[in-house]
Amino acid sequence: MADHGNKKDAKSRRFETILGHVSSNDGPKSANDKDKVQLKMKKCGEVKSVISKHRQEVLKWNGWGYKDSKFIINKKGLAEFVGERYRLSGMVLPSLVTWMEKNTGGDIQHISPAQPERKPEDVPEPVTNEDFLKDVSELDISCSQDPLDREFHAHGHTLHEIFILREGRFKRVPDIVIWPGSHDDVVKVVRLATKHNVCIIPYGGGTTVSGALLCPEEETRMIVSLDMSQMNNILWLDEKNLTMCAEGGIIGQDLERELNLKGFTTGHEPDSIEFSSLGGWVATRSSGMKKNIYGNIEDLVVHVRMVTPRGVIEKNCQVPRMSTGPDIHHVIMGSEGTLGVVTEVTMKIRPLPEMKKYGSVIFRNFEDGVACLREIARQRCAPSSIRLMDNMQFQFGQALKPQAGSIFTSFVDGLKKMYITKWKGFDPNELCVATLLFEGAKEEVLAQEKRVYEIASQFRGLPAGEENGQRGYMLTFVIAYLRDLGLEHYIVSESFETSVPWDRVLDLCRNVKERLTRECHEKGVQFPPMNTCRVTQTYDSGACVYFYFAFNYRGLSDPVHVYEEVENAARDEILACGGSLSHHHGVGKLRKKWLSQTVSDVGIGMMKAVKQYTDPQNIFGSNNLITLEKAKL
Amino acid sequence: MSRPEYEDILEGKRQYSDLGFSMEAYDPPRYKHCKPRAPEKVKEDVLNSTRVLSVIEQLATETDQSEDDLLSQARAMVEEMGHNLRMRSIRFFAYFLNKIFKALYKRIYVNGDDLEKLAKMSKDQPVLLLPSHRSYIDFLMLSYVAYCYDFPLPVIAAGADFMGMKFVGTLLRNCGAFFMRRSFGSDRLYWAVFTEYVQTLIRNGDSPMEFFVEGTRSRTSKSLSPKFGLLSAAIEPFLTGSVYDITVVPISISYDRRLEETLYARELLGIPKPKESTSGLVKARSVLQENYGNIHVCFGEPLSVRKLAEGRIDRSIHGLHPRHMSMFTSEEHTFVQHLAHQVILAQQKYMVISPWSLVAAVLSQHPQGLLLKKLVHEVVWLKKQAVGLGAFVNWPAKADPSNIVKSALELHHHVVTLGANGRVVLNLPTPTRPKMETEMARKHRLMEEAEVRLMVVTGTNQLLHVFVRVALVLMALSKDGSQTRDELFRIFGFLRRLLEKDFIFMPGQDKQDFDTAVQYLSRAHVLEERGGCVGVTDSGKKLQSFLHEMFSPFLLGYWTMCQYLLTASSDDPRGSTTQQLTRGAQDMAATLLTNGLVKRFEILSLDMLGNSITSFVSMGAVKRFKSNGHALFLPVQGEIFSLSKQIETIIAVPDLKTAVQVIPVKSRL
């Protein structure tokens, strides 16, 4: 099987500027028995992915994102974002270093380098099930036992995992990586794994931040990492019903690019869209920033095929809704790889919007901003995305301002800054910004924009320009790269999220920040941590809040442990304030200990019962969500 | 917190003008999340709150009142309630209090360092100031101290009975007092308005909030059982995550001599208290001519509600209901009760025991008075015992003990006199000729004598919390002085339960209390193990008998109530009010005293007799029920009889046969 990734593709820009190539293959890939029902549908082709089969060729082995994109400190001691993929690429960010030093108490001169490139001998020897290997080799399915392939599949992107890559080694990694090419391949592999009692951990985009991909250290069976990346075809597109069907391994940006070329979009844009996969979205109940128009994954999914040790689970029709007992989709969505692997997904699509417009509003303080978002949600006129950043995040955005470039001139510059702060009396240390993204027909967008700004003005909010809005969304993708820069300088950082009823948003934000600060102090962190949040998603009855949190760990012997304790305390605080265990990151292993208090013991019992029936041997043995007691032999 | 370091805040002010003091710069720290608002805005916020509006809506559907009517009722309530804290008034009040305090008191001691630490903490979370309450002076004391230390002035929950006082009511309001009705039982609207008023102040942390956990002034100088309502309301914002934490500060205010001593003695005996009025206060001006010694204000170790709740309370439960609906889980109820007890126990811990209290304790065991030399000797011994148990006694190390005692006597010259013969006697009324005396006159004379004796008793009372646990252990030992540990604990448990209303014990901690007391007594060589039994050593006999004398009046009072319930009220199956019962028992006590059958005047205290009823109810010896909205009580004869018998195994009581002849069959009330 050929590798799909090539350098030219990998350089293609994302979302706003669609530069992807057109797939040349006109004939549909044979989707087996489905051919007949697809006659009236648009034919689709094989998708060439930006990401290569051996991911380490394009992606960092021990950090976030593309190998060629990262923050560095240049010779002048200034931060610079190198590479060519992003708008910010190649730009110098003159105030970033000062900002980091000021807000984490660090010093950019202090360096905590990562260990050099991994040597194959540092990766644990594979556990081998010879019978399984023999049977698999007869299948003509691509696989690898190369140590670097195996290690790449051993982790997601929690701080803990990245720290291990930078400074330690994993005790347990997958023993083999298998790249199935089709649904049928998956059925065969799962059947063999069940026959030979081999553990499977499905691998989509590898962007998990819940520890879901970590191999249980106590697992003695052979572990297969089932890498779905080669199952990335769009199988068909149905304009009449506005649906499309794709294989589970397709990466978000590839899917979106291909659909855009045909004039459609799913509208599902999680922040990880560059790297995360369709099957992963389903398995974790993901959420996209434009859910106000398009809905979250549970609203988008029309049909799912999942291969389990017990067989294939799917519905027999593709209908908008049905009343047929508990919805099996809701057993599949959020199963986090514990029941089976998602091979094919039919999803709603929409024609590309006529117009896309960014916007922003500044508020005097976070309270006003939250009240405004609440009102917009109440009136159900939220644009496709609306996010409210607190003051710290606003300032952070300012610190990420490059030296030049008209798009980056900020409204707080010069006269505008004077106007806002002196004339209008906004306190630069209190004000906060909401970023907006409108999508739709031109008149609709303009009308909606007017309405939103009118509501904002009731909460003393002032429009702050399109550029600021656009910048805000662009930064989301870049910020993920910042953690690696921090780690080079004794700064650990992480993000976490929750959902909470409207009336508790402010209290939750305040209490969680307070808790973070106090816990850090108590745990011996020498400088006050940087903590900031944004209301990143609005609903009728509540909101999703996203926290960024960083601290300088100089002087701590076990920073990851301290970090975990602090994050645990923050999660306790979230729950005490009426927040949820997770809005969209999922549970994995990281948040398992709170699941029974979240869904009740009976809820856990139900999950166990489903697992027990579907996968009694624990073939899908990632041990996410729940731990099944070992069956008596 | 170790031993508090005190400084006298009056010292610097004696040479300084009151006006100057009142014009000093005052710039206290503020809670970091506070959004400053005027008192009127607070009231507005209360009326616009979901809590109040939703109750109005409910009441409008359930009753025939209109929402407008209910809203104006709510407005009237919040107007009646609201404080009006203003800088101008603070300055006036600083001037006024400075003058008064300098005139009344020699020194006002405050542990200023701890207060300064507290000021720093007050930036991080809302603060509850919970002082002990034994005098009217408490009410203004903290505000005065706060002003002196640049600490934010508290808003103070006050009983609505102050409101009626014309000028004073307004002044208090302007100084931060807000008023709560003493009882508003099932008035849901009032409850909603009041709760919201308290909670909005705490959520926004406008000012520290001061209130008295005991609910009212303790006339007896003993701590009162805590009330939970206001504390629950004040803590709730933490439980619902509306604030990160709340700092609770137990504060002990100790007096050498209280302004109201005479008044209280009369009240305890049931001589009616004049209604709070401005003219009454003016009449009390003669009170201001006297010297009242020192005051100690001790800010105790601040308690973090969050830390106390850790692992005990799952706050996420409040995610399941709207936050304007108050819902307390049983764990939270228990938590608030424990917190309230913890506060009172902390207040007791940092109370400063005045020498008068020791003098009074000795005097009350010598009804005929005693020689100064003997008194000093006894007082010094008692002081040693108290200090051993961790009490802070105001006893200058270098001073001559007899001088300390003499100045204590001097300070209480209205109660005691040191005669030229060196004998210390109480200022008892001169006896009339017994032959001529009618029963009424006899009772009147008894009450006059009781008034003086009760002032000595309230002096003693300040000391009781120090000894109560060890005293109960020693009393639980049989007369011959030996008991198995289990039996000892059983009787200790009985006494602790019986006296629960008169003394403050942490609920559920009887074993710890017992063990700590026994451990102390063993270490102090008062108790020793003898062949599996516990007994008093020879050297411990003195302490045992002293404490027995000190605490037996309570048992005698309870016993008297038993006798009363066994005789007089038993024939009224419709039940009696507390007042009828306490008055009846008081009459019986008076008869026992006039006939010389008992010697202790404490048993005339309506407070103690009332406590006995409460205690009997919780022990199941008296049944409580409601009739026409009044609480009525009915004794359970068998239980009362057995209680009475148990008490008789612990203290000596008059011979019942003799007693029965002198006791009237029916209550005179």
Side-chain angles (χ1 to χ4, degrees), chain A residues 364-368 370-371 374 390-391 427 429-430 460 498-519 521-522 528 531 541-543 545 565 568-582 591 593-601, chain B residues 31-37 45 48-51 53-54 120-126 196 199-200 202-205 235-247 302 304-327 329 331-332 335:
Chain A
R364 277 163 197 269
N365 54 45
F366 195 60
E367 288 80 354
D368 280 357
V370 171
R374 202 280 162 268
D390 69 0
N391 180 263
D427 178 349
N429 294 314
E430 285 282 320
R460 306 186 292 175
T498 186
S499 49
V500 59
W502 277 115
D503 67 331
R504 294 162 210 249
V505 169
L506 288 174
D507 291 333
L508 182 135
C509 293
R510 187 194 56 235
N511 290 353
V512 169
K513 288 181 191 175
E514 187 80 43
R515 182 78 180 256
L516 288 169
T517 305
R518 295 196 192 197
E519 290 287 334
H521 181 72
E522 280 168 28
N531 55 43
S541 66
V545 181
E565 284 187 341
N568 284 349
R571 185 57 62 181
D572 284 336
E573 194 62 35
I574 285 174
L575 298 180
C577 294
S580 66
L581 186 52
S582 170
R591 284 174 278 273
K593 70 169 181 168
W594 292 282
L595 192 58
S596 73
Q597 98 180 64
T598 300
V599 301
S600 81
D601 289 343
Chain B
Y31 171 50
K32 63 185 174 188
H33 297 300
C34 174
K35 301 248 180 290
R37 40 179 190 170
D45 290 348
N48 290 327
S49 68
T50 322
R51 183 189 296 270
L53 293 178
S54 72
K120 285 200 193 91
M121 290 173 74
S122 75
K123 287 186 207 162
D124 286 331
Q125 55 255 328
E196 188 60 30
Q199 294 190 355
T200 189
I202 287 176
R203 280 197 305 266
N204 191 44
I235 295 301
E236 200 184 1
F238 166 74
L239 298 175
T240 57
S242 310
V243 292
Y244 184 78
D245 193 2
I246 295 174
T247 301
S304 151
V305 174
R306 170 177 278 268
K307 285 223 175 79
L308 293 174
E310 215 169 81
R312 290 177 61 182
I313 284 176
D314 175 11
R315 291 184 293 152
S316 71
I317 192 102
H318 297 294
L320 296 177
H321 64 85
R323 290 201 289 188
H324 64 268
M325 295 168 69
S326 290
M327 293 202 185
T329 61
E331 287 83 24
E332 287 165 347
F335 176 73

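Only heavy atoms go into these numbers, but all of them, side chains included; no hydrogens, no water, no symmetry mates. Below, chain A is the first sequence line, B the second, and so on; all start at residue 1.
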Query raised in the report: Tell me, side chain or backbone of His321(B) under 4.5 Å from chain A's heavy atoms, or both, or neither?
Result: backbone
Query - Interface residue of largest heavy-atom contact number with chain B, from Arg510(A), Arg504(A), Gln597(A), under 4.5 Å - result: Arg504(A)
Query raised in the report: Charged N to carboxylate O under 4.0 angstrom, Lys32(B) versus Asp124(B)?
Result: yes
Requested in this report: State whether Arg315(B) and Glu573(A) are salt-bridged, where the test is any N-O pair (Lys NZ or Arg NE/NH1/NH2 against Asp/Glu carboxylate O) under 4.0 Å.
Outcome: yes
Query raised in the report: Would you say the side-chain atoms of Thr50(B) and Arg323(B) include a donor-acceptor pair closer than 3.5 Å?
Result: no
Report task. Quick one: which of Leu575(A), Leu506(A), Asp572(A) has the most heavy-atom pairs under 4.5 Å with chain B, could you say? Result -> Leu575(A)
Report summary line: Comparing Lys35(B), Arg203(B), Arg306(B) against chain A, the one with the most heavy-atom pairs below 4.5 Å turns out to be Arg306(B)
Query raised in the report: Where on Arg515(A) is there a heavy atom nearer than 4.5 Å to chain B: the side chain, the backbone, both, or neither?
Result: both
**Report entry** Check ion pair Arg518(A)-Glu514(A) (N to O, under 4.0 angstrom)
**Finding:** yes
Report task. Taking all heavy atoms of Val500(A) and all of Gly578(A), pick out the closest pair and write down the distance. Result -> CG2-O, 4.0 Å
